[in-house]
Amino acid sequence: MAVIRLWLWFGRIKVDSSMINLELLYRTNGIDRNRTEGRLVVVSNRVPVGAGAASPAAGGLAVALEAALKKTGGLWFGWSGKTSEQEAAAVQYKGENAVTFAVFDLPRRDLEDYYCGFANQALWPICHYRLDLANLSDSYDAAYFRVNEQFAEKLHRLITPDDRIWVHDYHLIPLARFLRQMGCTNRIGFFLHIPWPPPDVAKALPSYQRLLRSFGAYDLVGFQTEADADNFRDCLVAASAGRAIGVNRCEIDGRVTQVDAFPIGIDTDAFVRTAQAAEKNVTVKRMLASLDGRPLMIGVDRLDYSKGLKQRLEAFGMFLDSTPEAARARVTFLQITPKSRSEVPEYAQLQRELAEEVGRINGKYGDVDWTPLRYVNKTFGHLALAGLYRASCIGLVTPLRDGMNLVAKEYVAAQAPDNPGVLVLSQFAGAAEELKSALIINPYDIEGTGAAIARAFTMPLDERKDRFQAMMAALRANSVHDWVARFLQSLSYPSGQPDTGKDFADDLSWAERKASDMKWIEGIVSREPKPRQKKPMPHRRSL
Ligand code: F6P
């Protein structure tokens with residue numbers, strides 16, 4: 001029997017799984033419904049260590065994951081957000097309450113090719129249906145799989161056999177595939193925060209087959225909407241990588257994975273309280289004082305081409321053109337747009353274009369004492385944002401494509417029930433599946449969006465209240481806590497099965513499961529293409 005090494009690590013007993021007897025390792029993996037749940041290990045590309053999810057820099061993913069870990073405690077593993085000049089940076093630990101953060105810096109080259117390259121110039125645009133903006137390169141592909149393997153190597157040293165591993169977002173699709181290859185038989189779930197497109201779009205993804213088959217290493221794969229989950233199942237079939245078997249389960253290369261929709265929510269009650277308390281916030285007070293009783297509209301988005309910002313600004317111009325009352329009332333549109341991913345050329349380009357459009361609109365419609373559009377590239381804390389949402393009679397959430405969009409949900413939760421504002425929401429945001437009582441628009445239809453803004457501006461109080469109440473009911477039915485509970489419940493006990501105390505994993509003994517997983521991984525590895533040999537580029541002759 002191999003040596004088992006135990007030592008105290010951050011106050012808990014840590015087992016060095018690389019040294020542990022394999023039998024012991026796999027015996028714990030079968031699902032025993034009576035056993036206490038193992039530790040939750042959350043993995044995301046970026047970990048807001050030290051910043052706290054309530055910090056201005058944190059996005060929806062960070063807020064949701066903090067909610068997940070607050071209840072259960074556990075480990076949050078990923079990139080520190082810093083770059084290093086060294087090739088391999090060590091993992092650093094930080095403890096906050098019951099959560100341990102385990103983070104490492106990324107070498108500059110990996111940041112360029114894996115994060116800016118494959119993740120944000122191939123996966124991001126294609127998953128947002130923007131094939132025209134995709135930049136494909138062999139070195140991006142190689143970096144994506146290489147960095148995922150490095151994440152897996154580092155993580156594998158930290159996990160114990162009964163940990164539940166929850167991997168997040170498009171940066172880390174192949175992570176479980178590498179963990180399995182290293183012998184990991186923990187239950188591993190994956191949640192995609194962004195959309196998943198239909199086969200005709202998705203097949204433009206580089207390493208498409210390899211990516212699709214990588215999903216098979218997870219026990220559970222979650223999408224934001226039913227439409228995304230359906231697209232994914234269609235991709236498996238169209239690419240001959242798998243098939244649907246019964247309710248919400250897919251077979252991918254012979255291994256069974258649960259595939260389901262888990263729409264992400266917000267901490268509804270907490271956000272309502274934050275918005276009520278926000279009146280006293282200094283930023284909110286300054287904003288209100290500057291308005292002098294005039295109406296406010298708001299948009300809050302990262303600076304990203306998927307958010308439909310150019311179209312939104314144009315629609316605002318149309319609204320001013322077609323609604324003389326708006327011009328007389330000197331309505332102000334506050335667009336808060338923190339810069340993001342500026343290293344990626346398409347984002348830098350958009351930054352320039354938006355600044356130009358803002359200038360055009362203010363030049364055309366503004367006056368000596370009225371700036372119709374206030375465009376701010378700053379981040380604000382949740383308290384200030386909640387107060388600004390509450391002070392705004394219209395919330396504009398008009399992405400061209402969005403996984404969910406939590407700004408839409410937060411805007412609704414922040415409203416005063418006796419005088420709520422109106423949400424204008426894109427049909428292409430995942431949130432539109434739940435917030436059906438918003439004014440739903442097609443963001444490509446500039447005139448239509450302008451008309452919807454005008455309708456929101458003059459909407460009677462009773463209609464506003466009815467719409468608000470219906471949307472609040474939807475938010476209360478699916479908070480971020482429900483999302484966490486549903487996902488983790490499914491990860492522990494796959495759904496779509498009669499509760500016989502058995503499921504597809506229980507049907508196998510630990511040894512059978514281990515053997516079948518190893519066979520599966522050998523199969524997919526043997527089919528993976530070898531890296532393309534780079535031919536030297538012929539020298540160009542100068543003309
Ligand atoms: O929407 C996808 C997402 O990854 C969010 O989860 C996150 O808040 C946001 O993009 C920020 O991305 P980045 O880490 O590239 O700044």
Side-chain angles (χ1 to χ4, degrees), residues 42-49 51-68 76 78-83 103 105-106 110-130 133 140 144 147 151 166-173 175 190-197 222-225 228 262-266 300-309 336-348 350-351 377 379-380 382 385 397 399-410 426 428-431 480 483 487:
V42 162
V43 189
S44 64
N45 172 57
R46 191 191 288 276
V47 177
V49 63
S55 83
L61 179 145
V63 176
L65 298 194
E66 195 190 60
W76 190 346
W79 173 41
S80 62
K82 297 187 198 131
T83 45
V103 296
D105 302 345
L106 271 182
D110 288 343
L111 185 81
E112 280 164 16
D113 289 354
Y114 146 80
Y115 171 76
C116 295
F118 195 90
N120 287 320
Q121 294 190 61
L123 275 169
W124 180 272
I126 295 173
C127 286
H128 286 86
Y129 298 61
R130 292 299 303 268
L133 296 182
Y140 293 172
Y144 183 70
V147 172
F151 264 70
W166 189 1
V167 180
H168 289 263
D169 232 354
Y170 58 104
H171 315 85
L172 299 174
I173 295 170
L175 186 69
F190 176 84
F191 183 76
L192 186 70
H193 290 253
I194 67 172
W196 186 265
F223 293 93
Q224 293 276 23
T225 64
D228 294 324
F262 296 86
I264 194 168
I266 59 166
V300 178
D301 313 76
R302 270 187 316 103
L303 204 157
D304 194 299
Y305 49 79
S306 65
K307 303 293 181 186
L309 291 163
I336 297 177
T337 306
K339 289 181 186 167
S340 89
R341 304 178 193 162
S342 308
E343 315 85 349
V344 177
E346 285 71 24
Y347 287 73
L350 178 67
Q351 215 163 291
N377 292 136
T379 52
F380 292 90
H382 280 96
L385 282 180
V397 181
L400 303 178
R401 190 66 61 174
D402 215 330
M404 176 54 62
N405 198 303
L406 295 181
V407 169
K409 294 189 170 184
E410 289 181 351
S426 165
F428 300 120
V480 69
W483 173 74
F487 192 94

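Each ligand, and each atom within it, is numbered from 1 in the order the structure gives.
Ligand 1 lies nowhere less than 4.0 angstrom from a heavy atom belonging to W79. Within the structure, the closest approach of R302 to ligand 1 falls below 4.0 Å when heavy atoms are considered.
Judged purely by atom type and a 3.5 angstrom limit, D169 uses its side chain to pair as donor or acceptor with the backbone of H193.
Shown in contact with D169 at under 4.0 Å from a heavy atom are these atoms of ligand 1, numbered in order with element: 2 (C), 3 (C), 4 (O), 6 (O). Per-residue contacts place Y115 under 4.0 angstrom from the following atoms of ligand 1 (heavy atoms of the residue considered): 13 (P), 14 (O), 15 (O), 16 (O). Short contacts between ligand 1 and R46, defined as distances under 4.0 Å to a heavy atom of the residue, involve ligand atoms 13 (P), 14 (O), 16 (O).
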Quiz item: Would N120 and Y140 count as a side-chain hydrogen bond (donor to acceptor under 3.5 Å, both in side chains) if you check the C-alpha gap in whole Å, the side-chain angles of each, and the deciding distance to 0.1 Å?
Solution: CA-CA 10 Å; N120 287 320; Y140 293 172; over 6 Å; no
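For the pair S306 and W124, the minimum side-chain heavy-atom distance is below 4.5 Å.
When the heavy atoms of M404, H193, R341 are ranked by distance to atom 10 (O) of ligand 1, first place goes to R341.
Taking each heavy atom of S44 and F151 in turn, the nearest pair found is O-CE2, 4.2 Å.
Between Y114 and W79, the distance from one ring center to the other does not fall under 6.0 angstrom.
R302 pairs by the salt bridge (Lys or Arg N to Asp or Glu O under 4.0 Å) definition with D304, not counting sequence neighbours.
Neither the backbone nor the side chain of Y347 comes within contact range of ligand 1; no heavy atom lies under 4.0 Å.
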